[in-house]
Amino acid sequence: MTLQHSTAPRSDGRPSGDDGSSYDIFALQQKWLARWEAEKPFEVDDDSNAKPRKYILDMFPYPSGDLHMGHAEAFAYGDIVARYWRQQGFQVLHPIGWDSFGLPAENAAIKRGTDPREWTYANIAQQKASFKLYGNSFDWSRELHTSDPEYYKWNQWLFLKLYEKGLAYRKDSWVNWDPIDQTVLANEQVLPDGTSERSGAVVVKKQLTQWYFKITDYADRLLDDLNQLEGSWPAKVIAMQRNWIGRSIGADVDFVIEGHPDRVTVFTTRPDTLFGTTFLVVAPDSELAAQLAADSTPEVQAAFADYLEQVQKSTEVERQDAGRVKTGIPLQRTAINPVNGERLPVWTADYVLADYGHGAVMAVPAHDQRDLDFALKFGLPVKVVVDTNAPVTGAIPVITQEMLDAADVPGPDPADTGVALTGAGRMINSGPLDGLNKANAIQRVIELLEAAGTGRAAKTYRLRDWLISRQRYWGTPIPILHGEDGSLHPVPESELPVRLPDSAGLDLKPKGQSPLGAATDWVNTTLPDGSPARRDPDTMDTFVDSSWYFLRFLDPNDDSRAFEPADAEKWAPVDQYVGGVEHAILHLLYARFITKVLFDLGYLSFTEPFSAVLNQGMVLMDGSKMSKSRGNLVEFASELAAHGADALRLTMAFAGPPEDDIDWADVSPTGSAKFLARAWRISGEVTSPPEVEWKGGDASLRRQTHRLLADAPGLLEAFKFNVVVARLMELVNAIRKAIDSGPGAGDPAVREAIEVVAVLLSLFSPYTAEDMWERLGYGSSVAFAGLRKPDPTLLVEDSITAIVQVDGKVRDKLEVSPTIRASELEKLARASAAVARSIGDREVVNVIVKAPRVVNIATKG
RNA sequence: GCUCCCGUAGCCCAAUCGGUAGAGGCGGGCGACUUAAAAUCGCCGCAGUCUGGGUUCGAAUCCCAGCGGGAGCACCA
C-alpha cells in the first residue's frame with residue numbers, strides 16, 4: 001500500500017548549490033553521523049567527577065529484525081531525556097545493548113537450519129545501524145549482548161548466588177506448558193485468556209521438575225516498597241504490580257479430617273464466618289485431594305479419577321470463565337470444625353485452585369457467592385452467621401442485647417435469593433462471637449484458634465515463585481551438575497561460564513526436552529571427585545538476563561565481576577527508565593526482586609532499580625494496532641528514508657503526551673520537516689557575530705526567548721515534549737517576523753533566540769540542531785552547549801491585562817502594572833464606564849480582587 | 001461485575017493555584033512572489049470545553065449522576 005506520508009520532498013526544491021541555502025536532512029545526516037562516529041561525544045568517563053551524574057536507560061530491545069515505529073517512539077523519548085540532562089550540565093550514562101537470547105532466534109534457526117547466533121547477530125548489526133542513523137546519543141562503548149558468554153557468565157553467577165541463599169530451588173509441580181514452543185512458561189507469561197503471550201497457544205498443565213526463584217520470599221517488600229515509587233512510576237504500573245502480588249490478610253484454620261493423619265489447613269480472609277462453614281472444598285489437582293480420594297471408597301476413587309481427567313482437559317479459558325456452572329464431587333470424607341466440632345462433608349471442585357493458599361477452602365455459602373453457587377447446585381446446607389441488617393457501625397464494637405432485640409429482623413435468606421450476604425453486620429449463630437462486628441469477630445476468632453492451637457493469623461499472596469527453567473537451546477545454561485545419585489552440584493564460580501555447546505549437529509526442534517540434553521559431549525561431565533555427572537540441560541528464562549542488565553552497563557567488559565559496587569554507587573539506581581507498559585509486571589517485578597536480593601547480598605546500597613519510569617504509548621495507524629495482516633503497517637525504514645531522523649523524532653515528540661497512543665494518520669512528519677527547514681534557514685540568515693552582546697537586542701523577542709528558557713526545564717521534566725516543541729515553533733515564528741518585518745537579521749535578540757532554539761532543538765532533532773549551531777559560528781557540538789538560565793529581569797512584564805468581571809462575565813480589560821495593589825486595581829475597575837454600565841442600578845454586594853489579574857464584582861437586584 | 005484513566009475547533013493537541021478558553025501543528029480558505037507551478041512568506045480560529053446537576057464571586061479544572069472511549073483485574077477463598 002501507499003504510505004500516507006511517504007511523499008515528502010527531500011528538499012525544498014531549490015538547487016542545492018554551494019550557497020548552503022537549502023535544507024537537506026539527508027546530507028546533514030551523513031555529515032554529522034560521520035562526525036559523531038569519529039568523535040564519540042557520548043561516551044562517559046566513570047572517573048570524572050567534574051559533573052553530576054544521571055543514568056538514563058531505555059529498555060534494551062530484542063533484536064527481532066529491524067527497528068519499528070514503536071522503537072522509534074520509545075527511543076526518541078529516552079534520547080530526549082538523556083540530551084536534556086546533558087544540556088543541564090550532567091554527565092549522562094545512556095547505554096544500549098541487546099536482549100539477544102530467546103525463542104524467535106531459535107525458531108528462525110529451526111526454520112532455516114542455521115545457528116541462532118547468525119540470525120541474532122545479523123539483526124543486531126542492522127538495528128545498530130538504524131539506531132545510529134536515528135541519532136540516538138548512546139554510549140556505544142558499553143554495548144552488550146546477553147547472548148555473549150561474557151554476559152551470561154554473570155547470569156550463572158547470579159543463579160549460584162541465589163542458590164547459595166536458598167532462593168533458587170527445584171520443585172516438582174504442575175507447570176504451564178506451551179504446546180507450540182514446547183517449553184514451560186512462567187505464570188506471568190500466560191495471558192488472562194489462558195494462552196501463551198509468545199506463541200498464542202492454549203497453555204496446558206504438565207507436571208515437571210523445574211528450577212524456581214523464590215520471589216515469594218520478597219512479596220512483602222516488593223509490595224510495600226511500591227509506596228516509595230508513587231509519583232515517579234506510572235500509577236497504572238504500580239497498580240498492576242500491587243494486583244499481581246495480591247496480598248490477602250486473614251487466617252489459616254486447621255481442620256481434622258476423620259481417618260486422615262494430618263490436619264488440613266485452609267486460608268480464609270473471613271475467619272469471622274468460621275461458624276458458618278458447612279463443607280470443605282479441596283482443589284482436584286492437589287496432592288491432598290489425591291490422598292483423600294485414595295483413602296475413600298472405590299466408587300469415590302473412580303469418580304475422582306474421572307473428575308480429575310475432566311478438569312485437566314479443560315483449558316484455562318474455560319476454567320476461568322466466572323459465569324460457568326460449578327462442578328465437583330463429594331469425597332465421602334468428614335472434616336471437623338475446630339471451633340464447634342461440627343462434622344462437615346469434604347468435596348473437591350475446580351473452583352478451588354491448587355496453587356493458591358493451601359489448595360483448600362472452608363466453604364461458607366451464606367457469605368461467599370462462589371460457595372453459595374456450589375452449595376445450591378449440590379444441595380449443601382447454608383448457615384447464616386452474619387446479620388447484615390443489624391445497625392453496626394465501626395464505633396460500636398459490641399452490640400448490646402437491646403440492640404440485638406430491636407434489630408432482629410431476619411435478612412434475606414441466601415438459600416432463597418441465591419445472593420450471598422458479603423456485607424458487614426453483626427455475628428449471630430456463632431457462639432462466642434455473637435454480637436461482635438466484623439473486625440472484632442476476626443480478632444476474637446483468631447485469638448480462640450491460637451489458644452487452641454488450631455489456627456493463626458496468616459497472609460497469602462497471588463504471586464507465585466518464578467519458574468526459570470526453559471527446555472530450549474538459545475539461553476543461559478543453568479550451572480548445575482546432576483550426580484548419578486540425583487545429587488545437585490553447583491558449578492564452581494571459577495569454572496564459569498558454562499558455555500552453550502555449538503548448535504551444529506543438535507536438533508533444536510522443540511520436543512519437550514531441552515536440546516542440550518542431546519549434546520552428549522557437553523552434557524556428560526564429571527564431578528570434582530571424578531564421578532560421572534550430567535549438566536542440567538535446561539536454560540534460563542530470558543527475564544533473568546534482563547533482571548540485572550542495567551548493572552552490567554556500568555562496565556560490560558569487566559571479566560572479574562558482574563559489576564563493581566563502587567560503580568553502582570556512582571551511577572545507579574537508574575534515574576529514568578523508558579519503555580513499554582507491556583513490561584509493567586514481568587520485567588519490572590523481576591528486576592526489582594533481583595535488586596533486593598543483590599542488596600541483601602551486600603552488592604548494592606539501594607533496593608529499587610529504577611527511580612522513575614516512563615511508559616510510552618503505542619504507535620497506531622488508522623485507529624488500530626499496526627500489523628502486516630491488517631495492511632496498516634508503517635515501516636520505520638521507509639519513514640526514515642522519506643522524512644529523515646530529525647523529522648521522525650520531532651513528530652514523535654510533538655504528537656502529544658508520550659504516554660498517549662499516537663495515531664500515525666493524525667500526525668505530520670512533513671509538517672515537522674517543514675518546521676526544521678524553517679528553523680535551519682534562520683540560522684543562516686543571522687548576521688551578528690557569536691560574541692555579540694545580547695543586551696541591546698529587541699526587548700520583546702528577548703522576553704519571549706527567556707520565557708521559554710524559564711519554562712522549558714519544568715516542561716521537559718514533566719515529559720511535556722509536545723508543549724516544548726510548540727513553544728519552539730512559536731519562537732521560530734517570532735524570529736521570522738523579527739527578521740522580515742522587525743529589527744532585522746542583525747539584531748542580537750535574533751541571534752540569541754535562534755541559539756536557544758538550536759540548543760533546545762538538539763534534544764529532538766540533533767542533526768538539524770548541530771548544523772544550525774555550526775552555521776551560527778560555533779565549532780563545538782550543540783549537544784553540550786548548555787541550557788542558559790533565564791534573565792529574571794526579562795521575565796517581568798511591563799504591563800499585564802487585568803480583566804474586570806461583573807457577576808462572572810468579562811466586562812472590561814485594563815492594562816495595569818504587574819505589581820499593582822489590590823486597592824488600586826479595584827479603584828480602576830470601579831472607574832470603568834463599561835463596568836458601571838453593566839452594573840446599572842443593581843447593588844454591589846461583593847468585590848473580589850486578585851491582583852493583578854482579576855476583579856469580579858458581584859451584584860444583587 | 002469491580003477499579004482506574006480520558007472526553008476542549010473538521011483532526012492531533014495546549015491552557016502552573018479554580019481567574020480573558022487557544023499556544024503549536026494538520027486540514028481548509030484568502031493573499032504576496034512567479035509567465036506558471038512548486039517551495040517560501042503573510043493573513044483568516046471555523047468550538048465555547050460530552051450531557052445534566054452541584055459547590056464558588058468565578059469551573060475545561062473541584063463534587064455527584066449519566067453517556068461515550070480506553071486500560072487493568074476478575075472463581076485468589
Side-chain angles (χ1 to χ4, degrees), chain A residues 9 11-14 22-23 192 234-237 239-240 242-244 246-248 250 266-271 273 281 283 319-324 326 349-353 355-364 367-371 373-374 460-464 581 584-585 617 650-651 654-657 659-663 665-672 674-675 677-678 681 711 714-715 718 720 722-733 736-737 739-741 801-810 812-813 844-850 853-859:
Chain A
S11 71
D12 63 10
R14 285 192 242 175
S22 151
Y23 174 76
K236 190 163 101 172
V237 173
M240 285 166 77
R242 287 207 174 107
N243 223 311
W244 189 260
R247 181 164 64 195
S248 301
V266 305
F267 173 76
T268 178
T269 54
R270 293 294 304 273
T273 63
V281 187
R319 191 170 165 163
Q320 291 196 349
D321 179 7
R324 90 187 248 261
K326 298 235 172 342
D350 70 353
Y351 80 90
V352 174
L353 310 175
D355 52 1
Y356 183 78
H358 304 287
V361 303
M362 52 179 240
V364 186
H367 306 291
D368 182 286
Q369 190 61 47
R370 295 154 300 176
D371 296 341
D373 293 344
F374 191 81
T460 301
Y461 305 87
R462 209 184 85 112
L463 180 71
R464 316 290 157 79
V581 72
I585 299 172
L650 191 71
T651 301
F654 187 50
E659 55 277 8
D660 287 4
D661 291 346
I662 298 173
D663 193 326
D666 292 334
V667 297
S668 171
T670 48
S672 301
K674 232 164 79 179
F675 164 71
R678 192 169 153 91
R681 234 178 279 121
D711 294 345
L715 290 169
K720 296 188 173 187
N722 53 329
V723 180
V724 174
V725 174
R727 295 286 298 273
L728 283 170
M729 291 173 167
E730 202 179 354
L731 186 55
V732 164
N733 290 343
R736 184 75 262 158
K737 201 168 278 180
I739 293 174
D740 292 348
S741 54
T801 308
I803 56 160
V804 185
Q805 299 175 320
V806 177
D807 295 323
K809 293 195 180 63
V810 179
D812 200 5
K813 297 179 183 185
V844 173
V845 292
N846 197 5
V847 180
I848 287 94
V849 183
K850 293 279 175 186
R853 295 213 173 265
V854 179
V855 178
N856 192 3
I857 300 169
T859 67

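Worth saying up front: this structure is predicted, and the values here are computed from it rather than measured. Numbered from 1 within each chain, the chains take letters A, B, ... in sequence-line order.
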Suppose we screen for side-chain contact (heavy atoms from CB on, under 4.5 Å). Which residues come up paired with [X], at least two apart in sequence or across chains?
X	value
A/D812	A/V804, A/L814, A/S832, A/A834, A/V835
A/K236	A/M240, A/V581
A/F654	A/V725, A/A726, A/M729
A/T273	A/R270, A/M362, A/V364, A/H367, A/V385, A/V386

Could you state the atom-to-atom distance from [atom1] of [X] to [atom2] of [N] in whole Å?
X	N	atom1	atom2	result
A/R462	B/rG72	CZ	P	13 Å
A/I739	B/rU40	CD1	P	16 Å
A/L353	B/rA74	CG	C1'	12 Å

Watson-Crick or G-U wobble partner of [N], both distances under 3.5 Å:
N	answer
B/rG48	none
B/rA71	B/rU3
B/rA14	none

Donor/acceptor link under 3.5 angstrom from A/K236 side chain onto base of B/rC5: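 Result: no qualifying N/O pair found.
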
Got a sec, which residues hit side chain to side chain donor-acceptor pair (under 3.5 Å) with [X], two or more places apart in sequence or on another chain?
X	value
A/N733	A/R678
A/R242	A/N227, A/E230
A/Q369	A/D373

For B/rC64, is chi within 90° of 0 (syn) or not (anti)?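 Anti, since the glycosidic angle lies more than 90° from 0.
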
Where the chi angle of B/rG25 falls, syn if within 90° of 0 and anti if not: anti

Without swapping roles, check the side chain of A/N856 against the backbone of A/G808 for a donor-acceptor pair under 3.5 Å.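 Yes: the side chain of A/N856 pairs with the backbone of A/G808.
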
Between the protein and nucleotides 50-55 of chain B, which nitrogen or oxygen pairs are less than 3.5 angstrom apart?
none

Tell me whether A/R247 at atom CZ has more than 12 heavy atoms from other residues, nucleotides or ligands lying less than 6.0 Å away.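 Atom CZ in A/R247 is packed in, count exceeds 12.
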
Looking at residues at least two apart in the chain, or sitting in another chain, which of them share a salt bridge (charged side-chain N to carboxylate O under 4.0 Å, His left out) with A/D807?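 Applying salt bridge (charged side-chain N to carboxylate O under 4.0 Å, His left out) to A/D807 gives A/R842.
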
Listed partners of A/D740 passing salt bridge (charged side-chain N to carboxylate O under 4.0 Å, His left out), at least two apart: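 Counting only residues at least two positions away or on another chain, A/D740 forms a salt bridge (charged side-chain N to carboxylate O under 4.0 Å, His left out) with A/R736.
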
Of the nucleotides B/rC73, B/rA77, B/rC75, which has the atom closest to the A/Y356 side chain? B/rA77

Looking only at the side chain of A/R736 (C-beta and beyond, no hydrogens), which of the listed nucleotides B/rA77, B/rA74, B/rC41 gets closest? B/rC41

Rounded distance in Å between the P positions of B/rG1 and B/rG19: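 These two P atoms come out 38 Å apart once rounded.
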
If I pick the C1' atom on B/rC50 and the same atom on B/rA60, what distance separates them, to the nearest angstrom?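 It works out to 12 Å between them.
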
Check whether any side-chain nitrogen or oxygen of A/S248 sits under 4.0 Å from OP1 or OP2 of B/rA77, and answer yes or no. yes

OP1, OP2 of B/rC41 versus side-chain N and O of A/R678: anything below 4.0 Å?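 Yes, within the criterion.
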
Sugar-phosphate, base or nothing in reach of A/A239, heavy atoms under 4.0 Å: nothing

Pairs under 3.5 angstrom, nitrogen or oxygen only, protein versus nucleotides 43-45 of chain B, please.
{"unit_1": "B/rC43", "atom_1": "OP1", "unit_2": "A/K737", "atom_2": "NZ", "d": "3.1"}

Base contacts versus sugar-phosphate-only contacts with protein, heavy atoms under 4.0 Å: please encode nucleotides 14-34 of chain B as B, S and - from 5' to 3'. SS---BB--BBSS--------

